[in-house]
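Note that the numbering runs from 1 along the sequence shown for the chain.
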Amino acid sequence: MKNKIQINTLKNTAKKAIDSTHSTVSSIASYTKDKVNDAQQSVVKAIDANGNGQVDIEDFIILGLKTPGVRIQREEFLRAEFMKKFPKDIIEKAISLTPAQAGISIEDINRIADQVIQY
C-alpha cells in the first residue's frame with residue numbers, strides 16, 4: 001500500500017512538473033513570438049518610406065534619394081532612359097508630367113526601373 005501511495009505521489013508530481021514545463025514553454029514561445037513580431041513591425045515602420053505597410057524596392061529608392069549626397073537629375077535621367085525606346089514628344093511629356101501620364105506603360109516603366117537597379 002505504501003509503495004502504491006508513493007507511486008501515485010510520484011505520478012502526480014511528474015504530471016505537475018510536465019504541466020508546469022508545458023505552461024512555461026508555451027509562455028516563452030508566446031513571448032518570443034510577440035517580441036519577433038514587434039521587432040518586425042519596428043523594421044517595417046523604420047524602412048517603409050512610402051507608407052504602404054510593406055518593405056519594397058520603392059522604399060529603398062526613396063531612402064536613397066533622402067540620403068545626403070545622393071542626387072538624381074530627374075530630367076536627365078528620364079531623357080537618357082526613355083530615349084532608347086520612345087519618341088521625343090513622349091519623353092517631353094513624361095518629363096513635364098509623369099511617365100504614366102505620357103502613355104508609357106507600367107510594364108515599360110518597371111522594366112526600365114529593373115534594368116537601372118540591376119546596373
Side-chain angles (χ1 to χ4, degrees):
M1 179 87 172
K2 187 175 182 181
N3 284 343
K4 191 172 185 177
I5 293 173
Q6 288 176 340
I7 290 174
N8 285 337
T9 301
L10 186 57
K11 282 182 183 179
N12 289 337
T13 303
K15 183 177 181 338
K16 286 179 186 177
I18 290 169
D19 290 345
S20 176
T21 301
H22 178 267
S23 177
T24 301
V25 169
S26 293
S27 294
I28 291 170
S30 179
Y31 176 82
T32 303
K33 182 179 175 183
D34 290 344
K35 290 302 173 188
V36 168
N37 189 42
D38 291 348
Q40 181 182 11
Q41 292 305 314
S42 293
V43 169
V44 169
K45 194 177 199 181
I47 297 176
D48 184 21
N50 63 4
N52 67 354
Q54 300 175 16
V55 175
D56 50 25
I57 190 64
E58 187 176 329
D59 296 312
F60 288 101
I61 292 170
I62 292 168
L63 291 172
L65 292 173
K66 289 180 179 179
T67 303
V70 174
R71 295 276 185 249
I72 294 176
Q73 300 297 325
R74 180 180 182 273
E75 185 175 331
E76 291 175 25
F77 173 77
L78 292 176
R79 204 177 297 285
E81 292 306 318
F82 290 144
M83 70 181 237
K84 302 168 190 170
K85 185 174 178 184
F86 299 99
K88 187 173 181 162
D89 61 322
I90 298 291
I91 295 170
E92 294 306 318
K93 193 172 180 182
I95 290 168
S96 66
L97 300 171
T98 67
Q101 289 173 318
I104 300 173
S105 72
I106 191 70
E107 291 82 14
D108 283 334
I109 294 169
N110 286 337
R111 182 184 48 74
I112 291 167
D114 288 342
Q115 289 171 351
V116 169
I117 291 165
Q118 287 176 4
Y119 176 75

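- Residues Ala102 and Ala94 approach most closely at CB-N, 3.4 Å, considering heavy atoms.
- Between the CG atom in Asn37 and the OG atom in Ser42 there is a gap of 9.5 Å [rounded to 0.5 Å].
- The minimum heavy-atom distance linking Ile62 with Ala49 is given by the pair CG2-CB, 3.5 Å.
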Passes side chain to side chain contact (heavy atoms under 4.5 Å, CB included), Phe82 versus Ile95? Steps please. CA-CA 10 Å; Phe82 290 144; Ile95 290 168; over 6 Å; no
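- In the hydrophobic clustering of ILVMFWY residues, with side-chain heavy atoms under 4.5 Å counting as a link, Ile61 and Val43 come out apart.
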Verify side chain to side chain contact (heavy atoms under 4.5 Å, CB included) between Ile57 and Asp114, making sure each step is shown before the conclusion. CA-CA 10 Å; Ile57 190 64; Asp114 288 342; over 6 Å; no
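- Taking CG of Asp56 as the reference point, atom CG of Asn50 lies at 5.5 Å (rounded to 0.5 Å).
- Pairing each heavy atom of Ile109 with each of Ala100, the nearest pair is CD1-N, 3.9 Å.
- Take Gln118 and apply the side-chain hydrogen bond (donor to acceptor under 3.5 Å, both in side chains) test, not counting sequence neighbours, and it matches no residue.
- Asp38 contributes atom CG, which lies 10.5 Å from atom NZ of Lys45 (distance to the nearest 0.5 angstrom).
- Follow the hydrophobic side-chain contacts under 4.5 Å out from Ile47 and you reach Val44 in the same cluster.
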Evaluate the side chain to side chain contact (heavy atoms under 4.5 Å, CB included) criterion for residues Glu92 and Arg79: first the C-alpha distance (whole Å), next the side-chain angles of each, then the deciding distance (0.1 Å), finally the verdict. CA-CA 8 Å; Glu92 294 306 318; Arg79 204 177 297 285; 2.3 Å; yes
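- Going from atom CD1 of Ile104 over to atom NZ of Lys93 covers 10.0 Å, rounded to the nearest 0.5 Å.
- Summarising the geometry of Asp59 relative to Gln54, their closest heavy-atom pair is OD2-O, 2.8 Å, with the distance given to 0.1 Å.
- Applying the side chain to side chain contact (heavy atoms under 4.5 Å, CB included) test to Lys85 and every residue at least two apart in sequence or in another chain returns Asp108, Arg111.
- Screening residues 6-17 for salt bridge (charged side-chain N to carboxylate O under 4.0 Å, His left out) gives Lys15-Asp19 as the qualifying pairs, with residues at least two apart or on separate chains.
- A continuous path of ILVMFWY side-chain contacts below 4.5 Å connects Ile112 to Ile117, so both sit in one hydrophobic cluster.
- Contact detail for Asp48 and Gly53: the closest heavy-atom pair is OD2-N, 2.7 Å.
- A donor-acceptor distance shorter than 3.5 angstrom exists from the side chain of Thr32 to the backbone of Ile28, with no hydrogens or angles considered.
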